[in-house]
Amino acid sequence: MAIFGKKEQQIVMDGIWNKNPIAYLVMGICSALAVTVKVETALLMAIGTSFVLSFACMVISFLRNYIPSNVRIIIQLTVIASLVIIVDQVMKAYAYEISKQMSVFVGLIITNTLVMGRTEGYAMNNPPWPSFLDGLGNAIGYSGMILTVAGMREIFGSGTFLGFQVIPQAFYQAGYINNSMLLLAPGAFFLLAAIVALQRSISGYKEEQQ
Amino acid sequence: MGHYLTLAVKTIFIENILLAYFLGMCSFLACSKQIKTSTGLALATTFIAGVTCPLNWVLREYVLRKGSLAWAGLPNLDLNYLSFIVFIATIAALTQITEMVVDRYSPALYAAVGIFLPLIAVNCAVLGATFFMDQRDYTFKESLVYGVSAGAGWGLAIITLSALRKKLWYSNPPDPLKGLGMAMVTTGFMAMAFMAFAGISF
């Protein structure tokens, strides 16, 4: 069995594009909107969530034959919460200022449905290595999505990228104004709707009408 | 009394947990296709948030805080780093217990809201309310008011969206926007409308 053969590549690609967690599965939207005012916070969130997601999938997959099915949700939550505590403590130690800005949203990785959805839907029925890859693929897909949202919000909302001014001063003198609506809640909703629509029109996914 | 009323109004309208903090988006988008479903979910969330928020306050104050275990001979123990796991365990356990109690004593209520209870264990809005309570150092009464109104604010938002989605059923948007896309645009407009409440102060 190849460590990284065709099948494994397929698993990762599904997460990144074909079945992108945000556009296709409608999961993990809370944090996609809440931490994306700046690229800096979104980047940290992406790293944190990727870590939790891939390792939660792997750990749950190792345990899958020992978990009684009626308490599986609580066990999954415990594993996820422990990983989130690690992320939170590391962030507080090495990136205190940014972790302050992210306030409660690091803790809310626990209830990010993306993590629960992957552990419940994939890791419970598959061996550790594919589960880890599945988690990683989804994490990359998710990170790409929130970084896109964050990039657009920061560039068009405050004219900066990672804190550096990217829109030249001449533009402002010519009458250009930052679109501050993008920094507020409604702007985030509209932007994510547009991105989801774009992703779906390219990947050709259609939602069924009820 | 006025203080608590202000806190409630602020939590439900001005700092609506969904429309201003984006918490609980997943079940908000997934379960808002029918008004009946979303009403059940809204009631269940309000109840669970209203119970877990003060309960977690008690745990935080008497178990997790530094020095709170002095009576057990451990005055220097600081268990704050365990707060995530304790909070989520409380919520998960409480939803499980509520589900069993409701199932046993009121089958009618169980039929109406029971099926949503497991969903609430992973609703960001409930855990988010607890985290905000923790971060803002509310008192016990404040945490009770905050929990109930955070749940109620979330419920208000989901019921409104499901009513709007019913109307949207007759529209014919471009294919990629169908479903999730349209729901999100509608939510954006709702968030914009709720921003008008920001001017209210007591």
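As a basis for the values below, the full set of heavy atoms in this structure was taken, side chains included, without hydrogen atoms, waters or symmetry mates. No experiment lies behind these values; they were computed from the predicted model shown. Residue numbers start from 1 in every chain, and the chains themselves are labelled A, B, ... in the order their sequence lines are given, proteins ahead of strands.
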- Sequence-distant partners of A:Phe190, ring-ring contact (aromatic ring centres under 6.0 Å, His included), two or more places apart: B:Phe189
- In terms of heavy-atom proximity below 4.5 Å to chain B, should A:Leu184 be classed as side chain, backbone, both, or neither? side chain
- Message: Looking at B:Tyr62, I'd like to know if its OH atom is crowded, meaning that more than 12 non-hydrogen atoms belonging to other residues, nucleotides or ligands lie closer than 6.0 Å.
- Response: no
- Is there any residue in residues 61-68 of chain A with a non-hydrogen atom under 4.5 Å from a non-hydrogen atom of chain B, and which ones are they? none
- Atom pair CG (A:Leu191) and CE (B:Met184), whose distance is rounded to the nearest 0.5 Å: 9.5 Å
- Taking atom CZ of A:Phe171 as the centre, does the number of heavy atoms from other residues, nucleotides or ligands within less than 6.0 Å exceed 12? no
- Message: Report which part of B:Met190 has an atom under 4.5 Å of a heavy atom belonging to chain A: side chain, backbone, both, or neither.
- Response: neither
- Is the closest side-chain heavy-atom distance between A:Ile74 and B:Gln96 below 4.5 Å? yes
- Going from CG on A:Leu192 to CZ on B:Phe22, what distance comes out if it is rounded to the nearest 0.5 angstrom? 9.5 Å
- Output the option from B:Leu19, B:Leu18, B:Leu23 having the highest count of non-hydrogen pairs under 4.5 Å with chain A. B:Leu23
- Message: Please rank A:Ala193, A:Pro186, A:Ala81 by heavy-atom pairs under 4.5 Å with chain B and give me the top one.
- Response: A:Pro186
- Note on the structure: Nearest heavy-atom contact between B:Pro176 and A:Ser201 is CG-CB, 3.5 Å
- Could you grab the distance from atom NZ of B:Lys178 to atom CZ of A:Arg200, nearest 0.5 Å is fine? 11.5 Å
- Message: Filter on salt bridge (charged side-chain N to carboxylate O under 4.0 Å, His left out), then keep only pairs touching residues 6-25 of chain B, sequence neighbours left out; what's left?
- Response: B:Glu15-B:Arg136
- Count the heavy atoms of every other residue, nucleotide or ligand shown that sit under 6.0 Å from CD of A:Gln165, and state whether that count exceeds 12. yes
- What pairs with B:Phe87 under ring-ring contact (aromatic ring centres under 6.0 Å, His included), at least two apart in sequence or on another chain? none
- Starting at CD1 of B:Ile91, measure out to CG of A:Leu77 and round the result to the nearest 0.5 Å. 9.5 Å
- Item | Residue A:Ala194 versus chain B: region with a heavy atom under 4.5 Å | neither
- Task: Identify the heavy atoms of A:Ile85 and B:Leu82 that sit nearest to each other, and give their distance.
- Result: CD1-CA, 4.3 Å
- Query: So how far is it from A:Ile110 CD1 to B:Cys124 SG, rounded to the nearest 0.5 Å?
  - Reply: 10.5 Å
- Below 4.5 Å, heavy atoms only, C-beta onward: do A:Lys92 and B:Tyr81 meet side chain to side chain? no
- Query: Just wondering, do A:Leu108 and B:Leu127 contact through their side chains at under 4.5 Å, heavy atoms?
  - Reply: yes
- Task: Report the distance from atom OG of A:Ser82 to atom CD1 of B:Ile88, rounding to the nearest 0.5 Å.
- Result: 11.5 Å
- Determine the minimum heavy-atom distance between A:Ala197 and B:Leu177, stating which atoms define it. CB-CD2, 3.9 Å
- Task: Might you point out which heavy atoms bring B:Met25 and A:Phe189 nearest each other, and give the distance in Å?
- Result: CE-CE2, 3.4 Å
